[in-house]
2 protein chains.
Amino acid sequence: MTINDIAALTGVAASTVSRALSRPDRVNRITRERIQAAARELNYVPNTQARALSSGRTETVALLVSDATNPFYFGLIRGAQQQLRAAGHALLLIDTEDSAELENHLLHKVRRSVDGVILAASRLPEQTLSVIAAELPVVTVNRNVPRVRSVVIDSPDGVMQAVEHLVSLGHRSIAYVAGPPSSWANEARWRAMRTAMARHGLTAARVGPFGVSRSSGSVAADALLNTGATAGVTFNDLLAIGILRRLAERGVDVPGEISVVGCDDIFGADFCSPPLTTLTAPIEQAGRVAVSMLLDHLEHLGETASRQTVLLPTHLTIRQSSGPAPRR
Amino acid sequence: MTINDIAALTGVAASTVSRALSRPDRVNRITRERIQAAARELNYVPNTQARALSSGRTETVALLVSDATNPFYFGLIRGAQQQLRAAGHALLLIDTEDSAELENHLLHKVRRSVDGVILAASRLPEQTLSVIAAELPVVTVNRNVPRVRSVVIDSPDGVMQAVEHLVSLGHRSIAYVAGPPSSWANEARWRAMRTAMARHGLTAARVGPFGVSRSSGSVAADALLNTGATAGVTFNDLLAIGILRRLAERGVDVPGEISVVGCDDIFGADFCSPPLTTLTAPIEQAGRVAVSMLLDHLEHLGETASRQTVLLPTHLTIRQSSGPAPRR
DNA sequence: CAATTAATGGCAATCGGTTGCCACCCGGTT
DNA sequence: AACCGGGTGGCAACCGATTGCCATTAATTG
């Protein structure tokens with residue numbers, strides 16, 4: 001089942017077999033068909049490592065996520081997976097456990113075993129990313145770095161929609177519940193929030209940072225209540241769902257006493273209680289686009305990219321966790 | 001940054017460098033330390049493909065799931081990932097899209113690029129699995145095949161607990177809401193259900209099969225109501241959550257009019273509405289154990305396994321979707 | 001009909017490690 | 001002094017493809 005077996009069987013040299021399979025126009029039709037038939041019959045599958053060793057192409061892409069159990073990534077993983085399979089590539093999944101150090105280490109380790117990497121929510125400093133991008137094709141997700149192509153979900157725009165929504169419901173005091181400080185998206189959302197509030201002559205409060213897990217939601221909920229705000233916009237849905245649970249525990253009515261708006265519209269946002277008003281992000285699409293950009297980049301290496309960054313729109317999905325501001 | 005660079009730098013042969021790094025006791029301490037120091041300094045990372053080509057070991061394990069967006073797999077992926085990283089191995093994630101044919105094809109394709117595979121919820125017939133297991137180290141999850149090591153979550157036992165729970169609440173008419181017929185676990189749960197019911201002189205109804213998605217939940221809910229059962233045990237939580245939504249839509253009170261028990265305790269089961277009574281499965285642990293078994297198997301290839309299959313216990317977690325049977 | 005060119009296929013080097021085998025050195029035995 | 005054996009390290013083959021270069025042959029053209 002190696003290229004040599006096929007060569008022996010068809011009476012040609014191994015190099016000819018290789019060409020017949022990977023550069024068909026380089027060999028005579030008759031020969032080619034004979035070889036291809038033999039390959040099919042023997043159920044030949046080229047050895048990936050051998051191919052990688054000589055050609056440098058591994059047909060594998062690494063996807064780095066900060067936490068494989070975060071539902072946000074499910075969609076991303078799936079989208080990436082789909083697009084990769086379509087191109088015949090494999091997906092190496094790497095969980096960086098939210099550690100910049102580990103991320104850097106693992107990146108360094110797989111550097112030679114993949115054709116490129118997709119960094120979802122990288123915790124690495126900008127400079128490090130630039131260095132890495134210089135020696136390895138990189139596409140980031142939700143992270144903007146000069147000279148590194150990226151797909152970013154336009155949640156800042158969504159945050160503005162959320163603010164409009166809340167303000168129109170009479171809310172005047174709205175707080176931002178922040179996520180990890182090392183998250184680029186976190187800062188982007190906070191900036192958008194301040195801008196949107198300022199447009200109405202309002203000032204946003206900010207609490208956090210909090211970890212992105214449901215348990216962090218409890219402490220976030222308490223902090224949110226302390227601000228006296230009548231509404232909170234959270235860094236992501238995981239946090240929002242945690243907050244909803246804690247508020248229910250404390251007997252605080254949502255949205256009667258306080259409104260909560262999440263971000264991403266992950267699995268669960270539609271069936272938690274109350275169903276979460278949130279920014280719906282095209283996560284799966286983001287995964288597909290990231291892969292497309294990467295593969296495209298691989299095909300035209302030396303060239304400068306036409307579009308360095310793709311912005312994906314979000315929209316506000318109104319459910320039951322947001323409502324009119326309480327009368328005071 | 002290849003082995004040769006280090007060899008040149010330290011003035012030894014490449015083979016010595018190789019040994020110094022992978023079989024340290026085979027080379028003199030002085031030499032070894034000099035080489036290791038140089039390797040560290042140059043930030044040397046061995047080329048995976050080259051190593052794999054000559055040694056046959058790729059230090060990569062493939063995890064096949066039937067649908068990467070199914071929350072059940074999140075925990076599995078994470079557990080596997082953790083254990084693999086600890087061993088310095090990489091994780092190749094493969095989504096078989098619930099197709100036996102695709103599963104077989106992809107398995108065949110990666111065969112040579114991985115040291116072993118973990119098949120989570122394989123859709124392949126037993127015979128095919130045996131063939132594959134003979135030519136490639138395999139560990140299955142929730143699937144029992146002779147001579148193939150496996151980790152199975154003891155949900156049949158859990159199903160019995162669920163039946164006891166429901167019967168003690170006065171339910172006499174309980175239906176099983178079935179998942180995909182190709183799922184081994186599905187049949188195992190159904191058998192357990194019938195056995196448990198029979199113990200009380202009762203007969204279980206069965207509806208389905210249904211796909212495992214929340215949208216399938218709608219049709220499942222209607223079918224469940226048609227049976228006239230006062231309680232339903234579902235193949236998995238995804239289906240259960242879908243059912244809860246549909247019942248809410250139709251104005252059916254849960255658990256007032258009908259009780260619903262899920263299976264797996266996935267993300268979301270605790271905060272859906274009402275929170276789902278379900279069989280809590282040690283999913284992450286299953287992932288870890290599967291990897292351990294596989295790596296263990298790899299280390300002692302020729303030998304016969306001590307334990308071919310590991311059974312992981314489940315327990316019933318009672319929340320608010322189950323309650324006393326309605327009085328008629 | 002000679003000459004130029006295009007199409008085709010083989011040779012052999014190469015990618016970067018791994019590993020069996022052998023040679024050498026050195027201290028310890030008899 | 002001859003011998004033995006363990007500890008070290010080098011040589012070279014090998015894993016399975018890819019690819020640059022060249023030789024052969026066939027086709028085209030003036």
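As the structure is a computational prediction, the values presented were derived from the model and not from experiment. Because only heavy atoms are used, hydrogens play no part in the values below, and waters and symmetry mates are left out as well, while side chains stay in.
In summary, the side chains of B:Ser292 and B:Gln83 do present a donor paired with an acceptor at a separation below 3.5 Å, with no hydrogens or angles considered.
Residue pairs meeting the salt bridge (Lys or Arg N to Asp or Glu O under 4.0 Å) criterion with at least one member in residues 92-112 of chain A, sequence neighbours excluded: A:Asp95-B:Arg78, A:Glu97-B:Arg85, A:Asp98-A:Arg123, A:Arg111-A:Glu135. Sorted by first and then second residue, the salt bridge (Lys or Arg N to Asp or Glu O under 4.0 Å) pairs with a member in residues 13-26 of chain A form an empty list; sequence neighbours excluded. Pairs passing the side-chain hydrogen bond (donor to acceptor under 3.5 Å, both in side chains) check and including a residue from residues 51-60 of chain A, sequence neighbours excluded, read A:Thr58-A:Asp115.
Considering only residues two or more places apart in sequence or on other chains, A:Thr69 meets the side-chain hydrogen bond (donor to acceptor under 3.5 Å, both in side chains) condition with A:Asp67. By the ring-ring contact (aromatic ring centres under 6.0 Å, His included) test, B:Phe267 pairs with B:Phe271, sequence neighbours left out. Remark: A:Arg40 pairs with no residue by the salt bridge (Lys or Arg N to Asp or Glu O under 4.0 Å) rule, at least two apart or across chains. A search for salt bridge (Lys or Arg N to Asp or Glu O under 4.0 Å) contacts involving A:Glu126 returns nothing, not counting sequence neighbours. With sequence neighbours left out, the salt bridge (Lys or Arg N to Asp or Glu O under 4.0 Å) criterion links B:Arg288 to B:Glu284. The side-chain hydrogen bond (donor to acceptor under 3.5 Å, both in side chains) search around B:Thr31 returns none, not counting sequence neighbours.
Atom C1' of nucleotide D:dA26 and atom CG of A:Asn28 are separated by 11 Å, given to the nearest angstrom.
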Open item on the list: How would you summarise protein contacts on nucleotides 11-21 of chain D per nucleotide, using B for base, S for sugar-phosphate only and - for none, with heavy-atom distances below 4.0 Å?
Closed with: BB--BBBBBBB
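From one end of the helix from C:dC1-D:dG30 to C:dT30-D:dA1 to the other, with five pairs defining each end axis, the axis direction shifts by 50° (rounded to 10°).
Running 5' to 3' along DNA chain C, contacts with non-hydrogen atoms of chain A at under 4.0 Å begin and end at C:dT8 to C:dG16.
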